[in-house]
Amino acid sequence: LEKALSLGISPEETGIYLIRSYNYKGRFVETKSSDKIKLFEKGISLGEKLTKQYPKSEELLFEYLCIIGYWAKEINPIKAAWEGALGKMKNGADKLYALNPGCGGYKSAIVLGVMYIKAPYIPLVLTWPDNKAGLVFLEKAYKCSPNDFGGLFFYAYALDANNQRAKGKAYLEKIMT
């Protein structure tokens, strides 16, 4: 971080790339769950600090929400729900949309869609997860930005989760071409 700052790169931009680096290393390099969790927690800590300093940075907020999601997946979605991760993500997605409403805020639709599909349904505690609602959000994101790799991938995932496997497969094939 200090090296990047000494090169004149803004703290906001540096933070975005650092959070993204923690995310990628945790997802694709580390093999031990405990090491992944430590990296994700470093990114979350940095994201909490920087989103307070740069509350209008869409890219920073999106990267912060992504790393919370991967942390939640790694520690167990039910445990993450009890620790408030889903609430942080929902509030963050709402803020992300407020920063750029309409199609410009399509990344908030991706976050919300993934949350609706991947969050566990816990009777009397967490009753809003719903594959159909997730598909609606991800379809909106896809229509607004059909070339976004993550949006396209999760749209295909949502189609599969809603018993539309052949259509989902066709979208996955689109990613590979």
Side-chain angles (χ1 to χ4, degrees), residues 15-16 18-52 54-55 57-100 105-142 148-165 168:
I16 290 167
L18 194 51
I19 293 169
R20 198 176 286 158
S21 296
Y22 287 139
N23 190 348
Y24 290 155
K25 186 173 181 185
R27 288 170 55 204
F28 303 117
V29 176
E30 296 298 341
T31 55
K32 287 177 50 182
S33 182
S34 60
D35 293 338
K36 291 178 182 211
I37 291 168
K38 285 178 189 173
L39 281 169
F40 294 149
E41 287 173 347
K42 281 184 180 180
I44 290 169
S45 178
L46 181 61
E48 286 172 351
K49 178 182 167 189
L50 291 175
T51 54
K52 288 177 185 168
Y54 305 99
S57 174
E58 295 173 48
E59 192 173 1
L60 176 62
L61 183 53
F62 181 72
E63 293 301 330
Y64 171 62
L65 296 175
C66 287
I67 203 161
I68 291 173
Y70 285 109
W71 171 81
K73 180 181 173 189
E74 193 63 35
I75 68 163
N76 178 314
I78 294 173
K79 183 178 178 187
W82 284 111
E83 292 194 20
L86 296 176
K88 283 182 184 178
M89 291 182 72
K90 171 76 169 84
N91 292 338
D94 290 340
K95 286 179 189 174
L96 190 60
Y97 184 79
L99 289 171
N100 196 349
Y106 76 93
K107 287 188 176 184
S108 64
I110 294 172
V111 172
L112 290 168
V114 171
M115 284 177 57
Y116 272 87
I117 290 173
K118 294 215 173 219
Y121 178 86
I122 306 170
L124 304 174
V125 177
L126 194 60
T127 58
W128 55 262
D130 179 350
N131 287 347
K132 289 179 185 169
L135 179 59
V136 168
F137 280 112
L138 288 160
E139 188 169 30
K140 284 180 187 177
Y142 172 73
D148 182 274
F149 179 85
L152 188 54
F153 173 80
F154 285 114
Y155 180 53
Y157 184 90
L159 288 166
D160 184 58
N162 282 279
N163 300 315
Q164 298 179 46
R165 181 163 281 204

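Model, not experiment: these values are computed from the prediction. In this chain, residues are counted from 1 in sequence order.
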Review point. Got a sec, which pairs hit salt bridge (Lys or Arg N to Asp or Glu O under 4.0 Å) with one end in residues 57-77, sequence neighbours left out?
Key: R20-E59, R20-E63
Study note, to complete from the structure: Rounding to 0.5 Å, atoms CD1 (I110) and CZ (F154) come to a distance of 8.5 Å
Check your understanding: Among all residues two or more places apart in sequence or in another chain, which pass the side-chain hydrogen bond (donor to acceptor under 3.5 Å, both in side chains) test with D160?
Key -> R165
Review point. Considering only heavy atoms from C-beta outward, does the side chain of V29 approach that of D35 to under 4.5 Å?
Key: no
Point to revise | Other residues, nucleotides, ligands: >12 heavy atoms within 6.0 Å of Y157 OH | key: no
Review point. Any idea which heavy atoms bring Y64 and I44 closest together, and the distance?
Key: CE1-O, 3.5 Å
Review point. Just wondering, do S57 and L50 contact through their side chains at under 4.5 Å, heavy atoms?
Key: no
Exercise for review: Could you tell me the separation between the CG atom of N76 and the CH2 atom of W71, rounded to the nearest 0.5 Å?
Suggested key: 10.5 Å
Practice item. For I67 and L39, work out which heavy atoms get closest and say how close. Key: CD1-O, 4.3 Å
**Study point:** Set of residues satisfying side-chain hydrogen bond (donor to acceptor under 3.5 Å, both in side chains) with respect to T51, sequence neighbours excluded
**Key:** none
Point to revise | Non-hydrogen side-chain atoms of F40 and R27 separated by less than 4.5 Å | key: yes
Revision key, fill the gap. In terms of heavy-atom contacts, L138 and A158 come closest through CD1-CB, 3.6 Å
Check your understanding: What pair of heavy atoms forms the shortest contact from S108 to A93, and how long is it?
Key -> CB-O, 3.2 Å
Output side-chain donor-acceptor pairs under 3.5 Å for residues 113-135, partner residues at least two apart or in another chain, one line each.
from: D130; atom 1: OD1; to: K132; atom 2: N; distance (Å): 2.9
from: N131; atom 1: ND2; to: A161; atom 2: O; distance (Å): 3.2

**Study point:** Aromatic ring pairing F28/Y24, orientation class (parallel under 30°, perpendicular over 60°, tilted between)
**Key:** tilted
Practice item. Taking all heavy atoms of I19 and all of G43, pick out the closest pair and write down the distance. Key: CG1-O, 3.8 Å
Study note, to complete from the structure: Heavy-atom nearest pair, M89 first then L65, reads CE-O, 3.6 Å
Study note, to complete from the structure: Between the CZ atom in F62 and the CG atom in N100, the distance rounded to the nearest 0.5 Å is 13.0 Å
Practice item. Given side chain to side chain contact (heavy atoms under 4.5 Å, CB included), test E139 with Y155 step by step and report yes or no. Key: CA-CA 6 Å; E139 188 169 30; Y155 180 53; 3.5 Å; yes
Check your understanding: Under the side-chain hydrogen bond (donor to acceptor under 3.5 Å, both in side chains) rule, what pairs show up with a residue in residues 77-95, not counting sequence neighbours?
Key -> E48-K88, K90-D94
Check your understanding: For the atom pair CG (L61) and SG (C66), what is the distance rounded to the nearest 0.5 Å?
Key -> 9.5 Å
Check your understanding: side-chain hydrogen bond (donor to acceptor under 3.5 Å, both in side chains) with E30: which residues, sequence neighbours excluded?
Key -> none
